[in-house]
Amino acid sequence: MVTQRVYGFAQGSKVCMLELRNLLCKLELGIQAYKTVLDIPAYKMVLDTVVYCSRLTAAVNVISKRNFKAHWVAPTLRELQRRKVIEEDRGGGPKIFHRSTFLEWNYDAEIFAFSNRLGEKFNDSSLRAALTHKSYIERETARLSDIGVESNLQFQDNEALAQKGGEIMSKFINGYLRAVFTQVPEELIRAMHDYLTSNPTLETVAKHIGLGDLMLCADFPCKTETYVKSFKAVVAALAESSGEERARIFVQDLVVTQLYGQDVNELWNPVDPIGNLTAILKREGKAEPEFRLIRQAGSNSILAVYYVGVYSDKNFISEGAGESLEVAKEMAAREALKKFFHTEDSMRALPFGRQLKNIQSKIAQLENQPNVPLSEWISPKIMSAVH
């Protein structure tokens, strides 16, 4: 009966906590008094009941509380968010803090980690000079002068290193392009070189290797010219520290790889593709190109498309498509030039990394040896037959 009564209290929806506790006390006293009278199984069952009820009492004693926020919290958060959006719009985006403002900043450790992250060995003085912009030296000199301290800063800016690094990088890029694109005219080589050495490309590379946190300059966020100048200076510092061979591989791995996934034909836009094709065929002793309409669709609609083929001496060269006959002829001439220069959409992937190991000597030889210009270009087969 005592056990049933305890379970009834436990399972009821309205449990009187005081009565339940009194019952538990009586149970304990009864167990102690009649321990010798009760048999062992009955004693164990009553003891288990006491333990169960004790746990249940502890669980029931937990008072549930409804969580709510004051009525002013939500409007305040909305107002703070509105002010944050206005401030970001005025400032051109979220405010960015330089890494040096953080408490655990250690410039010496960052310089050491930077060289190890790139897997290159730099002279400490050369690397620090490559990362120091002249605006930083001017700002620090003016700051010390304002507080009456004699400014005798032993800093070297990266102006000379940047100029040297630009020349070295340009030479390395030209050597790679001429060794890989052996059958393209020098104008296309120059267009790809200008793309790789452009400020947006070099800025992207510099940001991805973490130069933004290491450069010492007066402006922050750093300007594009500062990124470009610092990256060129790093290339020159690497050439001074580890030799030009390591610097050449460094440029190939970080800068030349920006051509990956890029259509090289879009980087060069010849002024007169039909005239260039005609001149090439004439130099090779072939007939002038003949354009023929292969097929067309929707000629009476705004979605018209024309396919034009290029022939020379009754031999098919290429075809192109366009929304008009004039555009289709120009596209067909461009496709023919792609076929001559071996820069079609199905061209082989550019070699990078270990694939360049066997042609590094060739790259070094072609750094100062330009390709044939477009005005003199003929196919290699015709050139070898003439010579």
Side-chain angles (χ1 to χ4, degrees), residues 91-93 95-102 104-118 120-173 193-244 246-248 250-251 254-255 258:
K95 190 174 181 180
I96 304 174
F97 297 93
H98 195 275
R99 186 71 175 82
S100 61
T101 60
F102 288 67
E104 72 280 3
W105 174 254
N106 188 335
Y107 190 70
D108 296 334
E110 294 292 338
I111 290 291
F112 177 79
F114 174 75
S115 59
N116 284 272
R117 187 166 61 245
L118 295 179
E120 303 292 348
K121 294 182 179 180
F122 292 90
N123 291 333
D124 187 70
S125 58
S126 299
L127 182 57
R128 290 177 182 271
L131 298 174
T132 304
H133 194 259
K134 65 177 182 179
S135 61
Y136 174 79
I137 301 176
E138 295 173 355
R139 186 190 68 180
E140 291 299 311
T141 302
R143 184 177 65 85
L144 293 176
S145 300
D146 292 341
I147 61 178
V149 178
E150 183 180 357
S151 59
N152 189 16
L153 299 177
Q154 301 296 328
F155 284 112
Q156 178 185 355
D157 58 37
N158 57 6
E159 292 292 329
L161 285 175
Q163 183 177 0
K164 180 181 178 181
E167 297 173 356
I168 294 176
M169 185 168 57
S170 177
K171 181 178 64 174
F172 293 161
I173 293 175
H193 168 272
D194 294 342
Y195 168 75
L196 292 176
T197 57
S198 62
N199 287 351
T201 303
L202 296 182
E203 181 188 14
T204 301
V205 176
K207 286 182 177 179
H208 280 81
I209 64 175
L211 283 185
D213 295 332
L214 300 176
M215 293 186 302
L216 300 178
C217 57
D219 54 333
F220 184 81
C222 303
K223 298 179 181 179
T224 301
E225 294 77 10
T226 308
Y227 275 107
V228 173
K229 185 173 293 185
S230 298
F231 181 76
K232 292 179 179 180
V234 168
V235 174
L238 180 59
E240 292 181 356
S241 304
S242 302
E244 286 196 358
R246 291 299 308 173
R248 181 183 294 109
F250 178 81
V251 172
L254 295 182
V255 181
Q258 300 304 310

request  = Indicate yes or no for a side-chain donor-acceptor contact from Tyr227 to the backbone of Pro200 under 3.5 Å, with no hydrogens or angles considered.
outcome  = no
inquiry  = Would Lys232 and Met169 count as a side chain to side chain contact (heavy atoms under 4.5 Å, CB included) here? Give the steps.
reply    = CA-CA 8 Å; Lys232 292 179 179 180; Met169 185 168 57; 3.7 Å; yes
ask   = Are Lys223 and Glu203 within salt-bridge range, i.e. N to O under 4.0 Å?
value = no
query = CZ of Phe112: more than 12 outside heavy atoms within 6.0 angstrom?
reply = no
query = Can you check whether Gly166's main-chain N or O pairs, donor with acceptor, with Ser170's side chain at less than 3.5 Å?
reply = no
ask   = Does any non-hydrogen side-chain atom of Val255 lie less than 4.5 Å from one of Phe172?
value = no
request  = Report yes or no: is the cationic atom of Arg139 (NZ for Lys, CZ for Arg) under 6.0 Å from the centre of the six-membered ring of Tyr136, at an angle within 45° of the ring normal?
outcome  = no
query = Are Arg143 and Glu140 ion-paired here, with the side-chain N under 4.0 Å from a carboxylate O?
reply = yes
inquiry  = Can a donor-acceptor pair be found, under 3.5 Å and without considering hydrogens, that links the side chain of Ser135 to the backbone of Cys217?
reply    = no
query = What distance separates Ser241 OG from Leu127 CG, expressed to the nearest 0.5 Å?
reply = 7.5 Å
key: Given Lys134, His133, Glu138, the one that forms side-chain contact (heavy atoms from CB on, under 4.5 Å) with Asp157   = Lys134
inquiry  = Going by salt bridge (charged side-chain N to carboxylate O under 4.0 Å, His left out), name the residues that satisfy it together with Lys229, two or more places apart in sequence or in a different chain.
reply    = Glu159
ask   = Considering residues at least two apart in sequence or located in another chain, which fulfil the salt bridge (charged side-chain N to carboxylate O under 4.0 Å, His left out) criterion with Lys171?
value = Glu244
query = So, Thr201 side chain and Tyr195 main chain: donor-acceptor pair closer than 3.5 Å or not?
reply = yes
